[in-house]
Amino acid sequence: MNSIAANLELIRSQVPASVRIVAVSKTKSPDDIMTAYNSGQRMFGENRVQELLGKVVNLPGDIQWHMLGHLQTNKVKQIIQFVSLIQSVDSVKLLQVINSESEKTGRTTGCLLQIHIASEETKYGFSFDEVRALLDSDMHKSFRNVRIRGLMGMATFTDNADQVRAEFRSLAQEFRDLKQKYFSDDPDFNELSMGMSGDYRIAIEEGSTMVRIGSLIFGDRNFKK
Ligand SMILES: *Cc1c(COP(=O)(O)O)cnc(C)c1O
């Protein structure tokens, strides 16, 4: 068995069946993606618009593409018909544009609100206060062509497992609180995307429903992005 398939098999054996695995294929070739596809993988994550567009056209139509990276509003139009979930919604403006572009093409786009939980300054995302302000405003309810499916967050890049666990735990708590307060009658708000190659086990212990795994499946990327 080739190593990508073997890696996937190993990860699947360690992840509960209720947790979805997104194979993060950024920087990886269509051949690598096909290897994963042929071993049954259907959800793939990309973080750059051009790269996603280049891959979409050459790969099977039943792949579910997830956008994971910061998305500029002026690029939404290009990807809207190809993505099944945008995990990196980090502003009200972006949600608004996703809604209007979805409406134009007669679709409803699944979105996760990205929450900033890491101590690093550079990562995008809403704070807990900002996401509550958005949900309190009820503005999202007028967005008929987006479906808010849950939250996504990235822990601090650190060896300190206690810190990572505390960050995931606070996000999971926020997820439950928001679900109860704003989505109690909405069964679609059910995804908590947290956990990457280095921290997915902790994330699952803390309640993740979706892990985003790149290097552990495909090997190291040549450069970090
Ligand atoms: C690159 C990336 C991942 C995967 O990272 P690995 O450490 O290779 O598993 C997950 N989530 C996001 C948002 C990413 O940009």
Side-chain angles (χ1 to χ4, degrees), residues 3-15 19-29 32-33 35-36 41-55 63-72 75 79 83-91 94 98 110-126 131 149-161 163-165 167-168 171-172 175 191-225:
S3 66
I4 291 175
N7 294 342
L8 260 172
E9 188 162 305
L10 184 65
I11 292 163
R12 283 181 190 134
S13 74
Q14 296 174 346
V15 169
V19 174
R20 280 156 289 287
I21 299 169
V22 180
V24 180
S25 49
K26 61 191 185 194
T27 79
K28 298 299 173 179
S29 70
D32 284 351
I33 295 174
T35 303
Q41 184 66 31
R42 290 295 179 272
M43 281 183 190
F44 291 87
E46 291 283 337
N47 70 339
R48 300 212 165 178
V49 167
Q50 285 315 317
E51 191 175 341
L52 173 66
L53 293 172
K55 287 174 178 174
I63 287 180
Q64 296 162 41
W65 294 101
H66 290 196
M67 184 66 196
L68 305 176
H70 175 64
L71 181 57
Q72 289 171 272
K75 295 195 173 162
I79 62 161
V83 286
S84 65
L85 189 65
I86 300 177
Q87 296 206 13
S88 46
V89 175
D90 55 11
S91 71
L94 179 57
I98 293 168
C111 293
L112 301 183
L113 302 175
Q114 183 176 351
I115 310 290
H116 181 109
I117 53 169
S119 59
E120 290 115 352
E121 294 274 329
T122 53
K123 291 188 178 158
Y124 293 101
F126 292 100
V131 79
R149 299 285 322 279
L151 305 180
M152 186 272 265
M154 268 185 280
T156 303
F157 188 68
T158 172
D159 289 334
N160 183 341
Q163 181 180 352
V164 170
R165 185 178 297 281
E167 290 170 358
F168 285 150
L171 183 61
F175 174 69
E191 293 289 1
L192 179 56
S193 172
M194 56 184 199
M196 314 186 0
S197 292
D199 55 21
Y200 76 94
R201 288 187 186 82
I202 299 175
I204 290 169
E205 286 167 9
E206 295 302 328
S208 172
T209 67
M210 184 178 272
V211 292
R212 311 176 309 273
I213 300 185
S215 41
L216 221 52
I217 296 173
F218 295 108
D220 287 339
R221 289 179 294 276
N222 288 334
F223 49 100
K224 191 103 194 156
K225 67 175 192 174

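It should be emphasised that the depicted structure is a prediction, and the values quoted were computed from it without experimental measurement. Numbering of ligands and ligand atoms starts at 1, following listing order. Scope of the values below: all heavy atoms of this structure, side chains included, with no hydrogens, waters or symmetry mates.
Between the side chain of S197 and the backbone N or O of L216, at least one donor-acceptor pair lies under 3.5 Å. Panel note: side chain E167, backbone M154; no donor-acceptor pair is recorded below 3.5 Å.
Distances below 4.0 Å separate heavy atoms of I213 from the following atoms of ligand 1: 9 (O). If you number the atoms of ligand 1 from 1 as listed, the ones under 4.0 Å from a heavy atom of R212 come out as 4 (C), 9 (O), 10 (C), 11 (N), 12 (C), 13 (C). Applying the 4.0 Å criterion to heavy atoms of L68 picks out, from ligand 1, the atoms 13 (C). Atoms of ligand 1 found under 4.0 Å from any heavy atom of G214, numbered from 1 in the order shown, are 4 (C), 6 (P), 8 (O), 9 (O).
Every N/O-N/O distance between N47 and ligand 1 stays at or above 3.5 Å.
The residue Q87 has no part lying near ligand 1, judged by heavy-atom distances below 4.0 Å.
Side chain to side chain, E191 and T209 meet the donor-acceptor criterion of an N or O pair below 3.5 Å.
Scanning for side chain to side chain contact (heavy atoms under 4.5 Å, CB included) contacts around R12 gives L8, I21, S39, Q41, with sequence neighbours left out.
Within the 4.5 Å cutoff, side-chain heavy atoms of S25 are placed close to those of W65.
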